Chemist: 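Below you will find the structure I want to go over with you.
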There are 2 protein chains.
Amino acid sequence: MSSKDTPAIRQTKGGVQSVERAFGLLECIANSSGSATLSHIAADVSLPLPTIHRLLNTLVNLGVVRQLPDRGYALGPGLVRLGNLAGSQLGQFARPYLRDLVSELGESANVATMDGDMVVYVDQVASQRQMRMFTEVGRRAHMHDTGVGKAMLAGLDAEQVRHIVTTAGMPTPTEFSIGSISALEAELERIRERGYAIDEQEQELGVRCFAMAIPDAPAPLAISVSGPVSRVDQTFADRAIPLLRSAAAQISVDMRGGA
Amino acid sequence: MSSKDTPAIRQTKGGVQSVERAFGLLECIANSSGSATLSHIAADVSLPLPTIHRLLNTLVNLGVVRQLPDRGYALGPGLVRLGNLAGSQLGQFARPYLRDLVSELGESANVATMDGDMVVYVDQVASQRQMRMFTEVGRRAHMHDTGVGKAMLAGLDAEQVRHIVTTAGMPTPTEFSIGSISALEAELERIRERGYAIDEQEQELGVRCFAMAIPDAPAPLAISVSGPVSRVDQTFADRAIPLLRSAAAQISVDMRGGA
DNA sequence: ATTAAATATCCGCAATACGGAAAACCAATA
DNA sequence: TATTGGTTTTCCGTATTGCGGATATTTAAT
C-alpha cells in the first residue's frame, strides 16, 4: 500500500537490468491492490517516468500486464497462464499423493516450496469438512512458524538457517510461535530426530499441522496435513505420520524418475 | 513440445528487447513440460547461448525460474505468486457488470475462476434484499455442484472433466446434486446446447442459480446470479439470461481489448 | 584416460535502452 | 469556455547496458 512496501528493485551483479526492473514493476503492481497508476508506480519504484512507461508498454504487449480504460495498469492474463503452469509443474508430482492423504485422513494437505527466505504454498487439496484450513495456493508465509517451513529448514545447515531467519525476521503471530534463533535451532534438532515437523498453533491458534520434507528434492519441498487441534491430535498423528512418510518417499522417487 | 511450438520471440517496435526475450524464454520453458535444458531452449529460441544463459541467470535470481540439480531450468515459485495475484485481479474486470446485473435483477452476482480442481469465488456484488446469497470471496467449492463450476466444465473436454471430478470427488450436499460422472456429462451437454448453466438447488436447498462462462477468457472464468427459488423462477430467467449473455460478452471483450 | 558435448565466463564493441526535456493529454477549476 | 495543474506520452542524443564471438570449464559418454 505505502511506499515502504516495495523494497526498491534488487540489482544483482551480472543480472540484466531491464529484466530485473520489469519484474520489479510486476511486484509493485501486485502489491498495490487492483490497479496502479503510472505515477503511483513511479513513487514506489524510484525510476524516471519514461523508463517505467517504456517497460510497462513492453509488458502490456507481452500480455502480462493489462492497461485498463482508466489508464491504470493491472496484472494480466499472461501471468495467470504462466503461474498456473508453474504451480502445476511444481506440484504435479505431489498432487495424487495429497489426494490420498486427504481421503485417508480427512484433513487438508499442502505442498510448499521455498522462495528466497519464505515459504510458498504450491498446491493444496482441501478436505471436505465444514471447518477446514484454507491455505491459498501462491501464498507466502514465514519459515519458522509453519510446519512445512520448519521441515525444510531442518534440511539446511545452521548457517543458512540463521541467514534466512535474520533476513526474513521472526514474527510471533501466536503465543506458541518460536521467537528466538536458539529456540528454533533446538526445535530443528528435534525435527531431525523424529523425522517430521509439528506446527503447534504457531501460526494460528487452534491449528495443528504435521509436515515432512521431500528428501532429495530438486527444489526444497515439503508436504503437510493440517486441521483444528480438536481433530488433529495424537491418535491422528499415529495414523498420519506413516502416511506422510511413505508419500514423501514416493514423491521423491517420482520426481527423479519421471523426468 | 517440439521445436515448432515456440514461434521465436516477438520483437515489437518500441519494446525493450531483453524483457521480450526473457518472457520468450519463460514461454519456452512453460511449453517444454517440466524442465528444459539450456541447449534445448537455444534450439527453440534462436539466440546465442551466452545471451540465453545471462537472461536465465537473471530470472533465476528473481525467483521466477529455478535451476534443477541436473542443470535444467523450470518455472519457479515466484511465478506462482504473481499468477495467483493476477488471477484474483482478473475478477475486477467483471465488477462493473456484476453491479449492473444486481441493480437490474435484484439478486446477488458472482465471478468465479478455477483453481486446480475447485471453484474459487473471485468477486461478488450482493443484492440489497434481506434474504440473499452470501458467497464469500475466496471461498472454494466443488465444480460439479455449482452453476459457475458446471459452466466452466462445459468448456473443457471430457477427459479433463473426468480428471477433475475424480481428483476433487463428487459429494452430494443435497438430494438434487449430481452424483455420477455420466449424469454430469449429460448435464454438461445440455449446458453446451442452451449456452448457460443452472444450479437447481444442487449446492444448497432453496437456492437456484444461473451461470455462464466468459468466452475466450485467459483463465477459466464464469459469472452467475443466484437467489431463492421463490424469486429466481422462469420469468426471472427470461430476463436474466440475455443480460448474463451480454455481460459475459462484454467482459470477454474488455479483458482482451483494453490495449 | 580420452573425447565430445554440454554449460559457464570473459571482454571489447556498438546497439540498446536510458532518461532529460518538452509536447500532448486529461481533469479539475474559474 | 478558457485556464491551470497534474498527468501520461513521445522525441532523441548519449553512454550505459547488454550483446555475442571466442574461450575456458564442467559434465557426460566411451
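As a basis for the values below, the full set of heavy atoms in this structure was taken, side chains included, without hydrogen atoms, waters or symmetry mates. Keep in mind that this is a model prediction, so the values were computed, not measured. Labels below follow one simple rule: chain letters A, B, ... track the order of the sequence lines, proteins then strands, and each chain is numbered from 1.
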Chemist: Whole-Å distance between C/dT9 P and B/N57 CG?
Modeler: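 One finds 7 Å between P of C/dT9 and CG of B/N57, rounded.
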Chemist: Please check: side-chain N/O of A/R192 versus main-chain N/O of A/A154, any donor-acceptor pairing under 3.5 Å?
Modeler: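 Between the backbone of A/A154 and the side chain of A/R192 there is a qualifying donor-acceptor contact (under 3.5 Å).
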Chemist: Could you state the CD1-C1' distance from A/I41 to D/dT7, rounded to the nearest angstrom?
Modeler: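 To the nearest whole Å, that distance equals 14 Å.
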Chemist: With sequence neighbours left out, what residues match A/F23 under ring-ring contact (aromatic ring centres under 6.0 Å, His included)?
Modeler: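 Testing A/F23 for ring-ring contact (aromatic ring centres under 6.0 Å, His included), a comparison that skips the adjacent residues, returns B/F23.
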Chemist: Give the angle between the helix axes at the two ends of the helix from C/dA8-D/dT23 to C/dA23-D/dT8, taking five base pairs at each end and rounding to 10°.
Modeler: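 Computed from the C1' atoms at both ends, the axes differ by 50°.
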Chemist: Do you know which of A/M143, A/M152, A/M118, A/E159 makes side chain to side chain contact (heavy atoms under 4.5 Å, CB included) with A/I164?
Modeler: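 Testing A/I164 for a side chain to side chain contact (heavy atoms under 4.5 Å, CB included) against A/M143, A/M152, A/M118, A/E159 leaves exactly one candidate, A/M143.
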Chemist: Distance check needed: C/dT7 P versus B/Y73 OH, whole Å only.
Modeler: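 Spelled out: OH on B/Y73 to P on C/dT7 is 8 Å.
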Chemist: Measure from NE2 on A/H53 to C1' on D/dC11 and round the result to the nearest Å.
Modeler: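 The distance from NE2 of A/H53 to C1' of D/dC11 comes to 13 Å, rounded to the nearest Å.
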Chemist: Measure from CD on B/E20 to C1' on C/dT16 and round the result to the nearest Å.
Modeler: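 Rounded to whole Å, this separation is 12 Å.
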Chemist: Using a 3.5 Å distance criterion without hydrogens, assess whether the side chain of B/T113 forms a donor-acceptor pair with backbone atoms of B/P220.
Modeler: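 Checked: pair present.
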Chemist: Kindly write out the residues that satisfy ring-ring contact (aromatic ring centres under 6.0 Å, His included) with A/H142, not counting sequence neighbours, or none if the list is empty.
Modeler: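 Partners of A/H142 under the ring-ring contact (aromatic ring centres under 6.0 Å, His included) test: A/H144.
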Chemist: Between the protein and nucleotides 26-30 of chain D, list the N/O to N/O atom pairs that are separated by less than 3.5 angstrom.
Modeler:
unit_1: D/dT27; atom_1: OP1; unit_2: B/R71; atom_2: NH2; d: 3.3

Chemist: Just the rounded figure in Å: distance from P of C/dA17 to CG of A/N61.
Modeler: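 Those two atoms, CG and P, are 13 Å apart.
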Chemist: Checking the side chain of A/S252 only, and the main-chain atoms of A/I214 only, is there a donor and an acceptor separated by less than 3.5 Å?
Modeler: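 Judged by distance alone, no pair lies under 3.5 Å.
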Chemist: Can you name the atoms? Protein N/O to nucleotides 4-6 of chain C N/O, anything below 3.5 Å, with the distance.
Modeler:
none

Chemist: Hey, is the main chain of B/D123 close enough, under 3.5 Å, to the side chain of B/R95 for a donor-acceptor pair?
Modeler: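 Flag not set: sc B/R95 to bb B/D123 has no pair under 3.5 Å.
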Chemist: Hey, mind stepping through A/I52 and A/L38 against side-chain contact (heavy atoms from CB on, under 4.5 Å) and telling me if it holds?
Modeler: CA-CA 8 Å; A/I52 296 175; A/L38 181 58; 3.5 Å; yes
Chemist: Hey, are B/D117 and B/T167 close enough side-chain-wise for a donor-acceptor pair under 3.5 Å?
Modeler: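 Result is yes, a qualifying pair exists.
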Chemist: Whether the side chain of A/T58 engages the backbone of A/R54 through a donor-acceptor N/O pair (distance < 3.5 Å, no angle test) should be reported.
Modeler: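 Between the backbone of A/R54 and the side chain of A/T58 there is a qualifying donor-acceptor contact (under 3.5 Å).
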Chemist: Around atom CD of B/E104, are there more than 12 heavy atoms of other residues, nucleotides or ligands at under 6.0 Å?
Modeler: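 Incorrect, the count does not exceed 12.
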Chemist: Can you check the A/L49 CG to C/dA24 P distance for me, whole Å?
Modeler: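 Distance, rounded to whole Å: 18 Å.
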Chemist: Return a single string for nucleotides 19-25 of chain D, one symbol per nucleotide in 5' to 3' order, where B is base contact, S is sugar-phosphate-only contact and - is none, cutoff 4.0 angstrom on heavy atoms.
Modeler: BBBB---
Chemist: Without hydrogens or angle criteria, can the side chains of A/N110 and A/S224 be said to hold a donor-acceptor pair below 3.5 Å?
Modeler: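 Looking only at side-chain atoms, A/S224 and A/N110 do form a donor-acceptor pair, the distance falling under 3.5 Å.
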Chemist: Quick one: NE2 on A/H53 to OH on A/Y73, what's the gap to the nearest 0.5 Å?
Modeler: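 Reported to 0.5 Å precision, the distance equals 4.5 Å.
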